[in-house]
**Q** 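Provided herewith is a single structure, encoded as structure tokens, for subsequent inquiry.
Every chain is numbered from 1 and lettered A, B, ... according to where its sequence line falls, protein lines coming before strand lines.
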Amino acid sequence: MAQPLFRAPVGTRDILAPESARRRRLVRVFADLAERSGFGLLESPVFEDVGVFQRLGEANDVVTKELFEFFDKGEPPRHLALRPELTAGVCRAFAEHRPVSPWKIWYSGPQFRYERPQAGRYRQFEQVGVETLGTDDPHADVEVISLGVRFYAALGLTRVRLLVNSLGDSDSRSAYDAALTGYLQSRRGELSEQSRVTLERNPLRVLDSKRPQDQPVIAEAPLMVDFLSGASAEHFASVRAGLDSLDAAYEISPRLVRGLDYYTRTTFEFVADALDTAQNAVGGGGRYDGLVEDLGGPPTPGIGFALGVDRILLACDAEGAFAGDPAPVQVFVVDTVGGQSAAVLCDWLRQAGLGADRAFDGRSMKAQMKRADRSGAVVAVIVGPDEQAQGTATVRDMRPGGDQHTVPTSELVAEVSRLIAAAQPRPAIPQHRRQDRD
RNA sequence: GUGGCCGUAGCUCAGUCGGUUAGAGCGCCGGGUUGUGGUCCCGGAGGUCGGGGGUUCGACUCCCCUCGGUCACCCCA
């Protein structure tokens, strides 16, 4: 293969049209839902002081091994990192601006983790999410979680399961930690080598192990639910009741731990059963009641989630949901008399709000017609010597068996608008799939 | 960071026990007599067979290294 000088870095990729348009539309669906629910957009930096992320947990790979870190040219240099997730930056912003509570925000954007790529996992990946800070009302939990549920449904996904659990507050958590650690220590010999290491650093996460050897031990481990304090248990019950009242289906998943260390009380995860890969979690979140304080702000409860755009799109493909956009080009102007007419007519059509395109380089009519077809345009406008002489344009219906007629250019925009309004839009055709058409 | 599999045209792939000018389909470009796409027919462009080294008279084919892709572990969206 003739090798390009450069390619996209490991774990990153270029997303070409029309797939790029589909992603953007997905974010728009999310934004619409979030904003109609009272969440405002927060645009925060793609990089932060490395300290913002180090609060996520010293025992966490996301912080210890997977950070893209760098120093800037300040004197002294500032130690910065590309964000590996978005919640920490949101909490930093809260501590910095002290907005009125509850602060409800949504976001979208790229994040970066230095990991080995695999199915559904990239070094640069995109998430959308919401966060509600400043209230620990269980109704806030319900609002956030159900927003996720409704979003997947809005995309047309049917095989996404919601798993919920409670990790308890710090008191119940430490009681549980002690019990779990004691239990795991007692069966240490049966655990995998990896899990024994994990046990030293963060016993909770042993529950996350996928290694078959660990499963019997995990299956008999004590459950968090049995250690919840009265207040935590009550909170969890309220959240469940709230979800019930919205008919939001969920499963209690007593061993759902989640990756980041800051989670307290409510945790949840969305799993796409349509994905048969190892990375089938398409979203997750929970409460992080201590995080703002950790970052120097006032004690502030918070809850939120992040949904992985890349994986959601994979799940949509697997379910045949959230189909591609219609072609943005509705009219294609074929001009065999030098291209000036194409320039003018495209301009008129575009100013009228239509999607219009044209060919360059003075290609043959046949070649231009082919372009017109490939563009997905419903209508072709043809200007040749005859039309030019008469001040007219030929309007051709590009659908199979469509007819054509000639109109004065003064009536062109109206005529094309009429035809397009009457016609079904054609789908955008990905470059690499043109051959699949019937 | 660890391991499995894979790297031949833009894409998907074929290439017989190592043996002359490396093939197909699709895509792309052009043509099929008068200005018309999607079907059909004809033609064309396009490959240092990922890169480097080695074995050999000879390597796309065998060996080593390296880079990249992919999947899994780890971890996580």
**Q** Which nucleotide in the list B:A77, B:G27, B:A72 gets nearest to the side chain of A:Arg374?
**A**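 The closest nucleotide is B:G27.
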**Q** Any N or O donor-acceptor pair linking the side chain of A:Lys370 to the base of B:G30 at under 3.5 Å?
**A**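 For A:Lys370, whose side chain was compared with the base of B:G30, there is no donor-acceptor pair (under 3.5 Å).
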**Q** Choosing from B:C75, B:U36, B:A77, which nucleotide comes nearest the side chain of A:Arg311?
**A**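 Among the listed nucleotides, the one closest to the side chain of A:Arg311 is B:A77.
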**Q** Among B:U36, B:C73, B:A77, which nucleotide has an atom closest to any side-chain atom of A:Arg396?
**A**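 Closest nucleotide to the A:Arg396 side chain: B:U36.
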**Q** For RNA chain B, produce a single dot-bracket line, 5' to 3'. Pairs: Watson-Crick or G-U wobble, both distances under 3.5 Å. Symbols: ( ) within strand, [ ] crossing, | other strand, . unpaired.
**A** (((((((..((((.....[...)))).(((((.......))))).....(((((..]....))))))))))))....
**Q** Hey, which of A:Gln279, A:Arg121, A:Arg13 is the one that makes side chain to side chain donor-acceptor pair (under 3.5 Å) with A:Asp310?
**A**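 It is A:Arg13, the one option of A:Gln279, A:Arg121, A:Arg13 that forms the side chain to side chain donor-acceptor pair (under 3.5 Å) with A:Asp310.
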**Q** Using only modelled atom types and a 3.5 angstrom limit, is any donor from either the side chain of A:Arg121 or the base of B:C75 paired with an acceptor on the other?
**A**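 Checked by distance alone, the answer is yes.
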**Q** Between the base of B:G3 and the side chain of A:Arg116, is one N or O donor paired with an acceptor at under 3.5 angstrom?
**A**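 Pair found.
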**Q** Apply side chain to side chain donor-acceptor pair (under 3.5 Å) to A:Trp106 and list each qualifying residue two or more places apart in sequence or on a separate chain.
**A**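 Listed in chain order: A:Glu35.
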**Q** Go through the side-chain N and O atoms of A:Ser253 and A:Asn165 and say whether any donor and acceptor fall under 3.5 Å apart.
**A**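 Not at all, the side chains of A:Ser253 and A:Asn165 share no donor-acceptor pair under 3.5 Å.
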**Q** Among the candidates B:C75, B:A72, B:U36, find the nucleotide nearest to the side-chain atoms of A:Lys366.
**A**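 The listed nucleotide nearest to A:Lys366's side chain is B:U36.
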**Q** With distance as the sole criterion, do the side chain of A:Gln118 and the base of B:C74 form a donor-acceptor contact below 3.5 Å?
**A**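 Yes, a donor-acceptor pair under 3.5 Å.
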**Q** Just checking, any donor-acceptor pair under 3.5 angstrom between side chains of A:Thr394 and A:Thr406?
**A**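 Present: a donor and an acceptor within the cut-off.
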**Q** From the list B:C75, B:A77, B:G38, which nucleotide is the closest neighbour of the side chain of A:Asp373?
**A**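 Closest nucleotide among those given: B:G38.
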